[in-house]
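Right, one structure below, let's go through it.
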Amino acid sequence: MAKLSFLGILDAFTRKAPPVSKIDLKGKTVLVIGANTGIGFEAVQHFATMGPKRLILACRSQEKGEAAIQRLEKATGYNQAELWLIDLAEFASVKAFADRALKELERLDIIVLNAALGTHNYSTTKDGWESSLQVNDLSMSLLALRLLPRITETAKKFDGTPRIVVVSSGVHYWSTLEDKVIESPNAFSLLSSKEFCTPEVIGTRYTDTKLLNLFFVRALSHHLKDQSIIVNAVDPGFCYSELRREITNIRTVIFEWLFARTAEEGARQLIWASAGFPKGGLEELKGAYIYLSDVQEPADKVLGEDGRKREDKLWNDLISILKEVDPRVVDVVDQYLK
């Protein structure tokens, strides 16, 4: 699988972040997961300046979420933001969140699936899954699928093009996810097992979860019956982030000091994926990987005939798991996907 060269990495890190895209969000509903800090919070600040009717900050902590709401109003004057609680490490929380959204939201125009977990230590959730695999992939995918009914209804009722934006990363180029994993009876079950998750495997888990994000985005885009819905993956770039709170080695600290962008600069990419318009038209954004306000070619592993075979296998593995986690996924697959 092709990987970025060292010079390519330096070029990507040192290029100036494009300015933020701006559109009129009057009357629309925007949902941002992981919105109380970092690029998530910076993104909601940008969205707030565009005047959405409803702006939902989805956070795990009531206290931190309320503080974010107050900071947002102070910074932008926007006083309609809503705090909704969700914990991606608990399927029950994801299902409850989706139930509430389907009940209370008339429309859902933009979803930014931003929350992610980066760790070098093996741990499992209450549901028995390896923590970062559940947070970064399984729960994120479950939420996107459960919200499809409202997103599809929004596209039809309001004649729009809703967007589902998954925050991925350029580290997906470095994933060493082997075909023997994908070809196993269920790739996600194997990736989660304690026997498979050696220290070496867990050390590269974050890169693997970001590659899985790309596969999910491309598969969901391919399977949607309503092709007016845009699903894409965005790389915010190397930014100052709480994701690396477990990483303390001096090389990473120096690299961050030299090359990291601000969270606000990273958030501009989330906004472009949510609201930007490529020169070639909106079709370019479907299943796309976005970086620096442009559609980029993702890792070779997701491309071509072999990439589509991997995509199909991972999609089938994912759906088989999520149907067990939440039987309502069965209806979503039957009604809204092909």
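Only heavy atoms go into these numbers, but all of them, side chains included; no hydrogens, no water, no symmetry mates. We're numbering straight along the sequence, starting at 1. Keep in mind it's a predicted model, so treat the numbers as computed, not measured.
- Residues Asp99 and Lys103 are not paired through a salt bridge, judged by the lack of any N-O separation under 4.0 Å between the basic side chain and the carboxylate.
- With rounding to the nearest 0.5 angstrom, the CD atom of Glu305 is 11.0 Å from the CZ atom of Arg310.
- Between Asp235 and Ser169 the shortest heavy-atom distance is OD1-CA, 3.7 Å.
- Looking at Asn186 and Ser320, their side chains do bring a donor and an acceptor atom within 3.5 Å of each other.
- Within the 4.5 Å cutoff, the side chain of Val231 has no heavy atoms near those of the Arg163 side chain.
- Between Ile56 and Val30, the closest side-chain pair of non-hydrogen atoms is not below 4.5 Å.
- Residues Ile202 and Leu133 fall into different hydrophobic clusters, defined by Ile, Leu, Val, Met, Phe, Trp and Tyr side chains chained together at heavy-atom separations under 4.5 Å.
- No side-chain donor-acceptor contact under 3.5 Å links Thr152 to the backbone of Pro149.
- Counting only residues at least two apart or in different chains, ring pair (Phe, Tyr, Trp, His ring centres under 6.0 Å) contacts with residues 297-327 comprise His223-Trp315.
- When all heavy atoms of Phe216 and Ala144 are compared, the pair lying nearest together is CZ-CB, 4.0 Å.
- Side-chain contact between Leu322 and Leu145 is present, with heavy atoms from C-beta onward closer than 4.5 Å.
- Centroid-to-centroid, the aromatic rings of Tyr289 and His172 come within less than 6.0 Å.
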Residue pair Asn36, Phe41: steps toward the side-chain contact (heavy atoms from CB on, under 4.5 Å) verdict: CA-CA 5 Å; Asn36 64 281; Phe41 180 70; 5.9 Å; no

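- No donor-acceptor contact under 3.5 angstrom links the side chains of Thr209 and Ser132, judged on distance only.
- For the atom pair CD (Glu130) and OG (Ser123), the distance works out to 6.5 Å, reported to the nearest 0.5 Å.
- No donor-acceptor distance shorter than 3.5 angstrom exists from the side chain of Glu283 to the backbone of Gly280, with no hydrogens or angles considered.
- The distance from atom NZ of Lys301 to atom CD of Glu311, rounded to the nearest 0.5 Å, is 14.5 Å.
- Side-chain contact between Leu105 and Arg54 is present, with heavy atoms from C-beta onward closer than 4.5 Å.
- Pairing each heavy atom of Ala288 with each of Val217, the nearest pair is O-CG1, 4.3 Å.
- Looking at Lys126, its side chain never comes within 3.5 Å of a backbone N or O of Phe91 through a donor-acceptor pair.
- A continuous path of Ile, Leu, Val, Met, Phe, Trp and Tyr side chains, each step under 4.5 Å between heavy atoms, connects Val181 with Ile321, placing both in one hydrophobic cluster.
- Taking a cutoff of 4.0 Å between a charged side-chain nitrogen and a carboxylate oxygen, Lys156 and Glu153 do not qualify as a salt bridge.
- Using a distance-only test at 3.5 Å, with no hydrogens or angles considered, no donor-acceptor pair links the side chain of Ser139 to the main chain of Val135.
- Heavy atoms only, all atoms of each residue included: Phe277 and Ile23 are closest at CE1-CG2, 4.1 Å.
- Between Leu113 and Val165 there is no side-chain heavy-atom pair separated by less than 4.5 Å.
- Contact check for Arg60 versus Ile86: no side-chain heavy atoms found under the 4.5 Å cut-off.
- Among all heavy-atom pairs drawn from His46 and Ala267, the shortest one is CD2-CB, 4.3 Å.
- Classification of Glu106 and Lys157 as a salt-bridged pair holds, one side-chain N sitting under 4.0 Å from a carboxylate O.
- Open room surrounds CG on Asp159; 12 or fewer heavy atoms of other groups in view lie less than 6.0 Å from it.
- Residue Val330 is not grouped with residue Ile319 when hydrophobic side chains (ILVMFWY) are merged at heavy-atom distances under 4.5 angstrom, including chains of intermediate members.
- Residues Lys22 and Thr49 bring a donor and an acceptor atom of their side chains to less than 3.5 Å of each other.
- The main-chain N or O of Thr262 is found under 3.5 Å from a side-chain atom of Glu265 such that the two form a donor-acceptor pair.
- Atom NZ of Lys74 is separated from atom CD1 of Ile69 by 15.5 Å, given to the nearest 0.5 angstrom.
- Looking at residues two or more places apart in sequence or on another chain, you find no salt bridge (Lys or Arg N to Asp or Glu O under 4.0 Å) involving Lys95.
- Shown here is Lys225, whose NZ atom has more than 12 heavy atoms of other residues, nucleotides or ligands within 6.0 Å.
- In this structure, the side chain of Ser221 does not engage the main chain of Arg218 through any donor-acceptor pair within 3.5 Å.
- For the pair Glu183 and Lys180, the salt-bridge criterion is not met [side-chain N within less than 4.0 Å of a carboxylate O].
- One side chain, Asp127 or Gln134, offers a donor N or O that lies under 3.5 Å from an acceptor on the other.
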Worked check of side-chain contact (heavy atoms from CB on, under 4.5 Å) between Leu88 and Ile33: CA-CA 9 Å; Leu88 295 181; Ile33 308 296; 4.2 Å; yes

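- For the 3.5 Å distance criterion, the side chains of Asn213 and Lys210 qualify, holding a donor opposite an acceptor.
- A 4.5 Å side-chain heavy-atom check between Pro52 and Tyr78 finds at least one atom pair inside the cut-off.
- Atom CG of Leu285 and atom CG of Asn232 lie 6.0 Å apart (nearest 0.5 Å).
- Under the side-chain contact (heavy atoms from CB on, under 4.5 Å) criterion, Gln62 pairs with Glu66, Leu83, Leu85, sequence neighbours left out.
- Hydrophobic clustering (side-chain heavy atoms under 4.5 Å, transitive across Ile, Leu, Val, Met, Phe, Trp, Tyr) keeps Phe158 apart from Tyr336.
- The shortest non-hydrogen separation linking Cys197 to Tyr122 is CB-CD1, 3.4 Å.
- The backbone N or O of Leu270 lies less than 3.5 Å from a partner atom in the side chain of Ser274, making a donor-acceptor pair.
- At a cut-off of 3.5 Å, with distance as the only test, a side-chain donor of Asp208 or Ser175 sits close to an acceptor on the other residue.
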Derivation of the side-chain contact (heavy atoms from CB on, under 4.5 Å) call for Leu314 and Phe188: CA-CA 8 Å; Leu314 287 168; Phe188 295 92; 4.2 Å; yes

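- Rounding to the nearest 0.5 angstrom, the gap separating the CG atom in Asp226 from the CG atom in Leu148 is 9.5 Å.
- Arg107 and Asp109 are joined by a salt bridge, as a carboxylate oxygen and a charged side-chain nitrogen come within less than 4.0 angstrom of each other.
- Using a 4.5 Å cut-off on side-chain heavy atoms (C-beta onward), Val167 and Ile39 make contact.
- Not a single donor-acceptor pair under 3.5 Å links the side chain of Thr204 to the backbone N or O of Thr207.
- Two different hydrophobic clusters hold Ile151 and Leu102 under the rule that ILVMFWY side chains link at heavy-atom gaps under 4.5 Å.
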Thr161 vs Leu282, side-chain contact (heavy atoms from CB on, under 4.5 Å): CA-CA, chis, key distance, verdict: CA-CA 9 Å; Thr161 52; Leu282 291 179; 4.1 Å; yes

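- Ion pairing between a basic and an acidic side chain is recognised when a charged N comes within 4.0 Å of a carboxylate O; Asp326 and Arg328 show such pairing.
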